[in-house]
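The next block holds one structure in the form of structure tokens; read it before the comments.
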Amino acid sequence: MNRYTSVTHPDINNGDGFRTTLWISGCGHHCPGCHNEWMWDYDAGKPLEESWKEVIMGVWHEYCQGLTISGGDPLMRPEEDLLEIRDYIKRYRKVFPTKDLWLYTGYDLDELSPLQEEICGLCDVVCTGRYVEAKRDLSLPFRGSSNQSLYNIIRDGGGNLCFSEKE
């Protein structure tokens with residue numbers, strides 16, 4: 001079962017504009033120097049479903065550009081939990097079709113399973129890559145180390161998922 005530790009809003013540190021950020025518990029990457037080390041515990045916080053009302057209340061504001069899902073690592077979990085996250089994102093998309101969605105993961109694109117890739121395909125922007133303390137670069141927008149990448153998610157004319165590096 002997915003758990004979350006908090007919902008923050010307004011948030012300007014985890015994506016473009018004013019946002020609401022959902023912090024999902026659990027990460028096994030254990031990157032040295034991680035600024036969210038307290039979120040490594042998969043059992044921390046409350047059940048994910050309990051975050052829905054608070055997320056809705058945050059994103060509902062006209063000034064809020066969208067939702068960011070971070071953690072921990074929202075994609076580092078068993079398939080059953082990934083399905084719950086996928087369904088959560090689909091529900092968000094129905095309620096807020098014009099608001100964007102960002103997702104942070106420690107995985108690189110070539111490490112994604114088909115289900116993880118499907119989840120990324122439901123997002124507008126995905127930040128990939130583990131934090132590497134030796135590559136720390138605070139001048140980079142919305143990421144902590146130079147090996148991490150931001151991707152705009154687009155579909156080509158045939159409906160194929162494309163990751164386009166975001167400036």
Side-chain angles (χ1 to χ4, degrees), residues 2-27 31 34-40 44-77 81-107 109 112 116-131 136-146 148-156 161-167:
N2 290 301
R3 301 183 73 74
Y4 80 104
T5 57
S6 63
V7 175
T8 55
H9 55 269
D11 181 346
I12 59 168
N13 297 315
N14 295 289
D16 290 331
F18 291 103
R19 316 189 61 71
T20 296
T21 300
L22 171 62
W23 299 94
I24 295 182
S25 304
C27 183
C31 303
C34 173
H35 74 280
N36 288 346
E37 187 174 324
W38 56 277
M39 296 201 61
W40 291 356
K46 300 178 267 187
L48 179 62
E49 187 55 38
E50 292 182 23
S51 70
W52 183 248
K53 183 177 179 183
E54 193 172 354
V55 165
I56 294 297
M57 289 173 51
V59 177
W60 198 264
H61 294 282
E62 190 173 311
Y63 65 80
C64 186
Q65 187 166 326
L67 174 65
T68 297
I69 300 176
S70 193
D73 188 335
L75 297 184
M76 183 177 258
R77 49 205 71 248
D81 289 353
L82 287 172
L83 291 170
E84 181 185 17
I85 289 171
R86 182 198 63 190
D87 294 344
Y88 192 100
I89 291 171
K90 285 181 175 182
R91 184 166 45 149
Y92 167 81
R93 289 296 199 189
K94 285 181 183 176
V95 175
F96 297 109
T98 62
K99 304 265 185 164
D100 69 9
L101 194 144
W102 288 45
L103 183 134
Y104 281 78
T105 181
Y107 289 109
L109 291 181
L112 297 175
Q116 291 167 328
E117 190 171 306
E118 178 187 348
I119 291 167
C120 289
L122 297 170
C123 301
D124 296 291
V125 176
V126 175
C127 181
T128 64
R130 292 162 191 77
Y131 173 73
R136 181 179 182 189
D137 185 346
L138 298 180
S139 71
L140 297 170
F142 310 122
R143 53 197 186 268
S145 58
S146 61
Q148 295 174 311
S149 298
L150 286 175
Y151 293 98
N152 287 312
I153 307 303
I154 54 175
R155 294 205 177 269
D156 67 12
L161 182 63
C162 300
F163 292 83
S164 172
E165 207 149 350
K166 181 176 175 62
E167 294 291 327

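All values derive from a computational prediction rather than experimental measurement.
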**Asked** Can you find a heavy atom in the side chain of Thr5 that is under 4.5 Å from one in the side chain of Trp38?
**Response** yes
For Cys123 and Leu103, the nearest pair of non-hydrogen atoms, with its separation, is SG-CB, 3.7 Å
| message | Is it the case that the side chain of Arg3 and the backbone of Gly45 share a donor-acceptor pair, with hydrogens and angles ignored and the cut-off at 3.5 Å? | response | yes
Of all heavy-atom pairs linking His61 and Gly58, the shortest is CD2-O, 3.3 Å
* Ile12 atom CD1, neighbour heavy-atom count above 12 within 6.0 Å -> no
*Between Gln116 (side chain) and Leu75 (backbone), is there a donor-acceptor pair under 3.5 Å?*
yes
For Ile85 and Pro74, the nearest pair of non-hydrogen atoms, with its separation, is CD1-O, 3.1 Å
Here the gap from Arg86 atom CZ to Leu122 atom CG, rounded to the nearest 0.5 Å, amounts to 8.0 Å
Q) Heavy-atom distance under 4.5 Å between the side chains of Leu150 and Leu140, does that happen here? A) no
Quick check against the 3.5 Å criterion: does Thr105 have a side-chain atom that pairs as donor or acceptor with the backbone of Tyr107? yes
Rounded to the nearest 0.5 Å, the CZ atom of Arg130 sits from the SG atom of Cys34 at a distance of 12.5 Å
Review point. Does a sphere of radius 6.0 Å around OH in Tyr151 hold more than 12 heavy atoms from other residues, nucleotides or ligands, not counting ones at 6.0 Å or beyond?
Key: yes
Under 3.5 Å, is there a donor-acceptor pair between the side chain of Asp73 and the main chain of Cys27? no
Can a salt bridge be assigned to the pair Lys99 and Asp124 using a cut-off of 4.0 Å between side-chain N and carboxylate O?
no
| said: Show, in sequence, the C-alpha distance, side-chain angles and deciding distance for Trp52 and Arg91, and conclude whether the side chain to side chain contact (heavy atoms under 4.5 Å, CB included) test is met. | reply: CA-CA 10 Å; Trp52 183 248; Arg91 184 166 45 149; 3.5 Å; yes
Taken to the nearest 0.5 Å, the spacing of Glu84 CD from Arg77 CZ works out to 9.0 Å
| task | Say whether, by atom type as modelled, one donor and one acceptor occur between the side chain of Asn2 and the main chain of Asp81 under 3.5 angstrom. | result | yes
One should read off an interatomic distance between Ile56 CD1 and Ser51 OG, to the nearest 0.5 angstrom, of 9.5 Å
Q) Would a 4.5 Å heavy-atom cut-off, applied to side chains only, mark Leu112 and Ile119 as touching? A) no
Taken to the nearest 0.5 Å, the spacing of Ile89 CD1 from Leu101 CG works out to 5.5 Å
Next on the checklist: Are His9 and Met57 packed together at the side-chain level, in the sense that at least one heavy-atom pair is separated by less than 4.5 angstrom?
Outcome noted: no
Output a table of donor-acceptor pairs, distance under 3.5 Å, between side-chain atoms of residues 62-70 and any protein atom two or more places apart or on a different chain; print 'none' if there are none.
from, atom 1, to, atom 2, distance (Å)
Gln65, NE2, Asp100, OD2, 3.1
Thr68, OG1, Asn14, O, 2.7
Thr68, OG1, Arg19, NE, 2.6

* To do: Look only at the side chain of Glu50 and the backbone of Pro47, and say whether a donor-acceptor pair between them is shorter than 3.5 Å.
  => no
Task: Non-hydrogen side-chain atoms of Trp102 and Thr21 separated by less than 4.5 Å - done: no
Residues at least two apart in sequence or cross-chain that pass ring-ring contact (aromatic ring centres under 6.0 Å, His included) with Phe96, listed by chain then number, are Trp60, Tyr92
Check your understanding: Taking everything shown except Arg136 itself, do over 12 heavy atoms lie less than 6.0 Å from its CZ?
Key -> no
Between Thr128 and Val126 the two heavy atoms that sit nearest each other are CG2-CG1, 3.7 Å
Tyr104 meets the ring-ring contact (aromatic ring centres under 6.0 Å, His included) criterion, sequence neighbours left out, with none
Would you say that Phe142 contacts Val125 through its side chain, given a criterion of any heavy-atom pair below 4.5 Å between the two side chains? no
Distance col, row Tyr4:OH vs Met39:CE, nearest 0.5 angstrom, shows 11.0 Å
